[in-house]
Number of protein chains: 2
Amino acid sequence: MTLPRSTPPEPQPQPPETPQPPQRHPGGRRPGENRTREQILDAARECFAERGYDATSVRRIAETAGVDQALVHHFYGTKEKLFLNALEIPLRMPEALAEAAAGDRVGLGSRIVLAHLRVWEDASARPAMMTTLRSAATHRSAAAVLRDYAKGSIREALGKVITGEDVELRIALIATTLIGLSLTRHLVRLDPVPDTSPQELAARLGPVIDLHLDPVTPAA
Amino acid sequence: MTLPRSTPPEPQPQPPETPQPPQRHPGGRRPGENRTREQILDAARECFAERGYDATSVRRIAETAGVDQALVHHFYGTKEKLFLNALEIPLRMPEALAEAAAGDRVGLGSRIVLAHLRVWEDASARPAMMTTLRSAATHRSAAAVLRDYAKGSIREALGKVITGEDVELRIALIATTLIGLSLTRHLVRLDPVPDTSPQELAARLGPVIDLHLDPVTPAA
DNA sequence: TGGTGAATTCATCGCTTGCTGAGTTGTATG
DNA sequence: CATACAACTCAGCAAGCGATGAATTCACCA
């Protein structure tokens, strides 16, 4: 039952035309620790963030991770399941927002914008956020994650602060502001938003958030 | 050289199992007028708007249009070129914005929001706008169209009205507000934005636009 | 020390994709 | 009436896709 494969472990005379680019492995388990699962997830986040779900092939992810395509399926089953794993947003955003909401009411809007931007600027959180945002337009699960995340974390942070009429709508509009900002800053790249400092953006958008927190003219 | 094909025009005894669903055509040019080109473009807009560029196949577009797949290539060459044609945004938006900007300064922000929403509500303009917005996250051309359109039409409408520091940024932030609104209203569907009346949205977001038109606190 | 199971590669299957060329039918032009 | 071109369908190709199963190698535990 253990007959050798069609190509036995012949040591490959290695003609000089093959520069052996991505370090071929002969097959079988590699020695040492197994961080492959995480490598695949990182590679997936990177690819999904860059090109979206549909335009990213499992083969490409595997290549980025430096492993065989079958390993991706071995660990995550299907491309879809891998994608869902890649959507897991790091917990930084809710934390950051809650922290921003803790302080004084003056400058609250500005602090929220800064907290939002800071998480996006974080290199370790960014691929997951980018994946979510980029795929939200085409993939239902990504849209759902974005929805829950936006409403959830904002409500959690500002739930005690915001009162009055139409609280749900006003929270949604704050989320709209922040999502819209990320969209034009990182995805559509609407000049000059990508090159504007967080401070200036906070100065411009802080009052907008404040306006939703305390509307000057209650809706008629 | 004109030998008949393998299946000659045999009239197909038509066994009752074939309900002949999409009205088969025998081949060759159809009599009467040719609106097929436009039908294909409409079908493309519909499909692209619904599922995005990558998830839409040429075959599906052809099926939606009720024609053979090869016709799509006959008229538009490649899927990419067809997509670019589908992105052509109807001229209504610049018009509507200019019209809104014409009136009094009081309530200007609110009128802009209403104009923006009205164009989106228009059934004939919607597929193209939806296609653009949905694909902007994954397709460079779509992002470029969205960019040019947003900045261009808003600057054209408000160029004379908006003055002071950082005009470019403030215009971009107005565009961000409107794009973000369309995103949460039509794509991500962030509750309760999709079900909110244009009037209430205008009441909530009009002041935001006004704030960008006339910042109360000039940026430090 | 032997055996079980996890990690890894390879080869491949079945399907869908965008696209093409050949052939057929209609319309228009001389 | 003949020629030419535009519209249209059919059949199929080459490439890429997601996914699978067998074979191989390693780690670990009894």
Side-chain angles (χ1 to χ4, degrees), chain A residues 1-12 20 22-41 43-44 47-48 51-63 65-84, chain B residues 1-12 20 22-41 43-44 47-48 51-63 65-84:
Chain A
M1 281 303 185
T2 331
L3 44 134
R5 237 180 298 178
S6 53
T7 318
E10 200 178 277
Q12 289 280 118
Q20 201 175 1
Q23 192 179 355
R24 299 255 98 196
H25 290 278
R29 184 172 187 159
R30 303 192 197 151
E33 288 211 358
N34 336 332
R35 243 195 45 87
T36 312
R37 197 187 168 98
E38 290 74 20
Q39 280 172 228
I40 291 176
L41 188 56
C47 294
F48 286 143
R51 319 164 60 97
Y53 180 84
D54 293 308
T56 299
S57 66
V58 175
R59 284 167 164 86
R60 183 182 204 89
I61 293 173
E63 192 187 2
V67 300
D68 189 277
Q69 183 201 184
L71 258 194
V72 177
H73 289 106
H74 173 65
F75 282 119
Y76 293 96
T78 67
K79 181 187 177 186
E80 177 76 20
K81 286 183 194 160
L82 170 60
F83 179 68
L84 293 181
Chain B
M1 280 306 185
T2 332
L3 44 135
R5 235 178 301 177
S6 51
T7 317
E10 202 177 277
Q12 289 281 118
Q20 200 177 3
Q23 193 181 355
R24 299 253 98 197
H25 290 277
R29 181 171 189 160
R30 302 189 200 153
E33 289 211 359
N34 335 331
R35 243 195 46 89
T36 313
R37 195 187 171 100
E38 289 75 20
Q39 279 172 227
I40 292 176
L41 188 57
C47 294
F48 285 142
R51 319 164 63 96
Y53 180 84
D54 293 308
T56 298
S57 67
V58 176
R59 284 168 164 84
R60 184 183 204 88
I61 295 173
E63 192 187 1
V67 299
D68 189 276
Q69 183 201 184
L71 256 195
V72 178
H73 290 104
H74 173 65
F75 281 119
Y76 293 95
T78 67
K79 181 187 178 186
E80 177 76 20
K81 286 183 194 161
L82 171 59
F83 178 68
L84 293 182

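Because the structure is a prediction, the values reported are computed rather than measured. By convention in this document, chain letters (A, B, ...) are assigned in the order of the sequence lines, proteins followed by strands, and residues within each chain are numbered from 1.
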Among [options], find the nucleotide with the atom closest to the side chain of [X].
X      : options                  : value
H73(B) : dG18(C), dA7(D), dT20(D) : dG18(C)
A70(B) : dC19(C), dC8(D), dC10(D) : dC10(D)
L71(A) : dA7(C), dG18(D), dG21(C) : dA7(C)
H74(A) : dC10(D), dA7(C), dC19(C) : dA7(C)
D68(A) : dT9(C), dT20(C), dT8(C)  : dT9(C)

Query - Residues that A55(A) engages under side chain to side chain contact (heavy atoms under 4.5 Å, CB included), provided they are two or more places apart - result: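 Per chain and number, A55(A) pairs via side chain to side chain contact (heavy atoms under 4.5 Å, CB included) with R51(A), D54(B).
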Query raised in the report: Which value, rounded to the nearest 0.5 Å, describes the distance between I61(A) atom CD1 and L41(A) atom CG?
Result: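 Interatomic distance, I61(A) CD1 to L41(A) CG, rounded to 0.5 Å: 9.5 Å.
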d([atom1], [X]; [atom2], [N]) in whole Å:
X      : N       : atom1 : atom2 : answer
R51(B) : dT17(C) : CZ    : P     : 10 Å
R60(B) : dT16(C) : CZ    : C1'   : 13 Å
R37(A) : dA6(C)  : CZ    : C1'   : 12 Å
L82(A) : dC17(D) : CG    : P     : 15 Å
K79(A) : dA19(D) : NZ    : P     : 8 Å
I61(A) : dA19(D) : CD1   : P     : 11 Å
R35(A) : dT8(C)  : CZ    : C1'   : 17 Å
F75(A) : dT8(C)  : CZ    : P     : 5 Å

Query - Distance test, side-chain N/O of T78(B) to OP1/OP2 of dG18(C), below 4.0 Å - result: no
With the criterion being N/O to N/O and under 3.5 Å, what pairs connect the protein with nucleotides 13-16 of chain D, and how long is each?
none

Query raised in the report: Nearest heavy-atom pair of A62(A) and V72(A): which atoms, and what distance?
Result: CB-CG2, 3.9 Å
Report task. Write down the atom of V58(B), the atom of H73(B), and the distance for their closest heavy-atom approach. Result -> CG1-CE1, 3.7 Å
Report summary line: Those residues at least two apart in sequence (or on a different chain) that pass ring-ring contact (aromatic ring centres under 6.0 Å, His included) with F75(A) are none
**Report entry** Test ring-ring contact (aromatic ring centres under 6.0 Å, His included) applied to F83(B) - qualifying residues, sequence neighbours left out
**Finding:** F48(B), Y53(B), H139(B)
Query - Of V67(B) and V58(A), the one whose closest DNA chain D nucleotide lies more 5' - result: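 Upstream on the strand: V67(B).
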Report task. Using atom types as modelled and distance alone, determine if a side-chain donor or acceptor of Y76(B) lies under 3.5 Å from a backbone N or O of R37(B). Result -> yes
